[in-house]
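Just so you know, ligand 1 is whichever comes first in the structure, and atom 1 is the first atom listed for that ligand.
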Amino acid sequence: MDTLEKSTSPATTNPSSGATFKVYNPATGEQLAELPVMTPDQVEQAVRRAGTAQKEWAALSFNERRKVMLRWRSKLVANKEKIVETLVAENGKPPLEALMELFYLADVIGYYCAQAPRFLKGYKVPLHLLKTKRARVVYHPVGVVGVISPWNFPLLLGFGDALAALVAGNAVVVKPSEVTPLSALRLVELAEGVGFPPGLLQVVTGWGETGGSLVDNADLIAFTGGTNTGKKVMERASRRLVPVLLELGGKDPMIVLKDADLDRAARGAVAGAFFNSGQVCISVEKLFVEAPVYDVFVAKVVEQVKRLRLGSPAGDPSNRDLGPMTYQGQLDIVEQQVADARVKGAHILTGGKRGEGLFYEPTVLTNVTPDMLVMREETFGPLLPIIKVKDADEALRLANASNFGLSSSIWTGDTSRGEALAQKLEAGSTCVNDVFINYILPEVPFGGIKDSGLGYRHGGADSLRKFCRPQTILTDRFGLKSEPIWLPYGKKVPKLLGFALNLMYKRKYS
Ligand code: NAD
């Protein structure tokens, strides 16, 4: 953790208020850093400085911006050990999973840079009515994008959006979670000297109120976090009518039909439920299994879960599957849900208790009922409740009985039927015979419905266009002295309009 506390970015030092917060290693309890809680004034200054840099950045061509982004990528990859070390230390995830986050960023930087000229070049629009005009749409960066991110994927969620916004010509100010701000500082530190105008990419540190100040100043907010916080962000943004993109919580269902490959499905369930200790917005949070295969399937899942290795992320990276929970508050939710389920009659087939410190055993629950917290509320931890269902219809009904609608999966030997059933799931995305891999594919849209999100889609052209404002440019082609519908109206205009209306739209349809 050598230089982090001495970050050279003016946006991350000198808190005039003097208030600070501490960052801890969840595996060891060791204090890693003490950082400033940035004041509203400091956030405002950071955004102003970013705004100045943005003008310089937006004036560059796509190709010039691409060169800078790729230089940054090379530097990130060259420093992967440092980045992984920082991420593991503050979040607790195994090093392999930290490396996956970096891999994702490296990949999407390339994708966004390659596609930007196509996605953002604008397009001509053929007009169906007024052939005397021509129209096209062009894209402008919105200005300063404020990214507010959670602690479960500090790189992927803090910077996935940030780098799309940068490629699109914006400046970015990231407000990382107070639980895991160090990786963000590390990435910004590594952005120095690659060619970004000074202040183009900054981090502001602090609690939720620092995020609130960012909402008060940025030109667009990309928020990823809990549903209740997202609502507060939207309410605050409404005061200035600033656009907000909300990526929120989830309670993702997985449905296993009786013709599924049960071995693959069991492995998928374990990966889906326990990756990053279940602290994933799209983790499998409730699993429905058709009755004829229920017993066999549950046995396979339990066998897999018992093989998971829970332990400190330090040391041999190939020797760990799950690290600790990232912070006490999340562990409390997990313990509360397990206690509630126990009291209401759930069976704990494996796990069900905490280890030392913030470690919690991967836990499989059966005999769960809809009134249990673990079935109703987001867990965001290593719990997997399994429910026996009569058939696919019952599974769909129970899966959809939720306020959330982020992601989901269906497992079946008949992929055509799986794809048809997928369309009946109320979720932003559904995998057939797979789990959450769609997130990392930059070509396809990702985003939640219901309480899981609003206005947010990454994937394809939207990845970049959502950080732009479209402008329509309409040009008259012929330069007549006047137009029929301009004032003052000619005598013949009503008659002509009535005639056109009849001619074009009077036809009857049965
Ligand atoms: P959180 O909502 O508590 O915090 C998220 C961020 O918002 C943090 O940086 C926090 O400091 C900031 N914040 C808190 N109050 C604020 C306010 N009033 N104004 C502005 N900013 C404020 O969430 P968390 O505990 O960090 O993360 C867990 C949640 O995030 C879970 O609900 C999870 O499902 C969700 N999540 C969603 C996705 C997704 O892609 N949909 C991905 C990861 C996490």
Side-chain angles (χ1 to χ4, degrees), residues 21 23 35 37-38 40 43 90-91 93 101 104 146-162 173-181 183-184 203-218 221-239 242 244-252 275-285 325-334 377-381 402-408 427-429 436 438-440 445-459:
F21 66 103
V23 184
L35 297 172
V37 176
M38 296 189 60
V43 175
E90 68 176 352
N91 173 280
K93 63 180 64 193
E101 285 200 52
Y104 171 81
V147 173
I148 302 177
S149 59
W151 45 262
N152 59 330
F153 289 92
L155 294 187
L156 181 139
L157 297 172
F159 285 82
D161 280 341
V173 178
V174 180
K175 156 53 187 101
S177 167
E178 55 277 18
V179 181
T180 56
S183 326
V203 170
V204 291
T205 53
W207 307 98
E209 190 44 37
T210 305
S213 300
L214 191 54
V215 178
D216 292 342
N217 288 282
I221 291 291
F223 172 84
T224 306
T227 300
N228 288 336
T229 318
K231 288 177 183 172
K232 285 184 204 160
V233 165
M234 191 167 183
E235 187 274 330
R236 192 153 174 169
S238 73
R239 298 178 205 166
V242 172
V244 279
L245 309 171
L246 301 177
E247 259 300 38
L248 309 175
K251 188 82 195 161
D252 287 5
F275 178 64
N276 198 23
S277 297
Q279 302 170 122
V280 185
C281 55
I282 48 175
S283 65
V284 173
E285 292 232 346
M325 305 278 307
T326 301
Y327 87 114
Q328 183 67 47
Q330 204 58 44
L331 182 56
D332 293 344
I333 293 172
V334 169
E377 296 183 2
E378 185 181 40
T379 304
F380 219 60
S402 168
N403 290 338
F404 293 110
L406 194 53
S407 197
S408 52
S429 45
F436 58 44
N438 58 305
Y439 187 95
I440 62 156
F446 174 88
I449 60 170
K450 301 203 251 182
D451 275 1
S452 290
L454 189 73
Y456 181 94
R457 285 287 181 275
H458 79 228

Check your understanding: Considering only heavy atoms of Phe380, which atoms of ligand 1 have at least one such atom less than 4.0 Å away?
Key -> 28 (C), 31 (C), 33 (C), 34 (O), 44 (C)
**Study point:** Part of Phe153 within contact of ligand 1 (heavy atoms, under 4.0 Å)
**Key:** neither
Exercise for review: Write out the residue and atom name of the closest protein heavy atom to atom 35 (C) of ligand 1, then the distance separating them to 0.1 Å.
Suggested key: Gly225 O, 3.2 Å
**Study point:** Phe223 and its side-chain contact (heavy atoms from CB on, under 4.5 Å) partner, picked from Thr229, Val244, Leu245
**Key:** Thr229
Point to revise | Pair Glu285 + Lys251, salt bridge at N-O below 4.0 Å | key: yes
Review point. Is the shortest N/O to N/O distance between Glu247 and ligand 1 below 3.5 Å?
Key: yes
Exercise for review: May I ask you to check whether Thr205 and Glu178 show a side-chain donor-acceptor distance below 3.5 Å?
Suggested key: no
Check your understanding: Does any non-hydrogen side-chain atom of Val174 lie less than 4.5 Å from one of Val204?
Key -> no
Check your understanding: Relative to the ring of Phe446, is the ring of His458 parallel (under 30°), tilted (30 to 60°) or perpendicular (over 60°)?
Key -> parallel
Exercise for review: Tell me which protein heavy atom sits closest to atom 12 (C) of ligand 1, plus the residue, atom name and distance to 0.1 Å.
Suggested key: Ile148 CG2, 3.6 Å
Exercise for review: Compute the minimum heavy-atom distance from Ser177 to ligand 1 and say whether it is under 4.0 Å.
Suggested key: yes
Exercise for review: Determine, considering heavy atoms only, which of Val233, Thr224, Thr229, Asp252 sits nearest to atom 3 (O) of ligand 1.
Suggested key: Thr229
Check your understanding: Parallel, tilted or perpendicular: which describes the rings of Phe21 and Trp207, with under 30° parallel and over 60° perpendicular?
Key -> tilted
Exercise for review: Heavy-atom distances under 4.0 Å are what count here, so tell me which part of Leu248 touches ligand 1: side chain, backbone, both or neither.
Suggested key: backbone
Review point. Heavy-atom contact under 4.0 Å between Ser149 and ligand 1?
Key: yes
**Study point:** Option with minimal heavy-atom separation from atom 7 (O) of ligand 1, where the choices are Phe404, Tyr327, Phe223
**Key:** Phe223
Study note, to complete from the structure: Leu406 heavy atoms within 4.0 Å reach ligand 1 at atoms 41 (N)
Point to revise | Among Gly226, Gly208, Cys281, Gly250, closest by any non-hydrogen atom to atom 38 (C) of ligand 1 | key: Cys281
Check your understanding: Can Pro176 be said to touch ligand 1, with heavy atoms closer than 4.0 Å?
Key -> yes
Practice item. For atom 43 (C) of ligand 1, grab the closest protein heavy atom and report residue, atom and distance to one decimal in Å. Key: Leu157 CD1, 3.1 Å
Practice item. With the side chain counted from C-beta on, respond yes when Phe404 and Asp252 share a heavy-atom pair under 4.5 Å apart, and no when they do not. Key: no
Review point. Which atom pair, heavy atoms only, marks the closest approach of Asn152 to Glu101?
Key: O-OE2, 4.1 Å
Point to revise | Heavy-atom nearest neighbour in the protein, as seen from atom 18 (N) of ligand 1, with distance rounded to 0.1 Å | key: Lys232 CD, 4.1 Å
**Study point:** Cation-pi check, Lys93 onto Phe153 ring (under 6.0 Å, within 45° of axis)
**Key:** yes
Point to revise | Part of Thr210 within contact of ligand 1 (heavy atoms, under 4.0 Å) | key: neither
Practice item. Could you tell me the residue and atom name of the protein heavy atom closest to atom 27 (O) of ligand 1, and the distance to it rounded to 0.1 Å? Key: Pro150 CB, 3.2 Å
Check your understanding: Is it true that Tyr456 lies under 4.0 Å from ligand 1, counting heavy atoms only?
Key -> no
Review point. Can you check salt bridge (Lys or Arg N to Asp or Glu O under 4.0 Å) on Arg236 and Glu209, steps first, answer last?
Key: CA-CA 11 Å; Arg236 192 153 174 169; Glu209 190 44 37; 3.1 Å; yes
**Study point:** Shortest protein contact, atom 32 (O) of ligand 1 (heavy atom only)
**Key:** Glu378 OE1, 2.7 Å
Point to revise | Partners meeting side chain to side chain donor-acceptor pair (under 3.5 Å) with Asn438 (sequence neighbours left out) | key: Ser429
Practice item. Looking only at distances, please establish whether an N/O atom of ligand 1 is found under 3.5 Å from an N/O atom of Glu178. Key: yes
Practice item. Please state which part of Ile282 comes within less than 4.0 Å of ligand 1, counting heavy atoms only: side chain, backbone, both or neither. Key: neither
Check your understanding: Who's closest to atom 25 (O) of ligand 1 heavy-atom-wise, of Trp151, Tyr439, Phe446?
Key -> Trp151
Practice item. Measure up the Tyr439 and Tyr104 rings against each other and bin them: parallel (under 30°), tilted (30 to 60°), perpendicular (over 60°). Key: tilted
Practice item. Using the test ring-ring contact (aromatic ring centres under 6.0 Å, His included), find all partners of Phe436 that sit at least two apart in sequence or belong to another chain. Key: Phe275
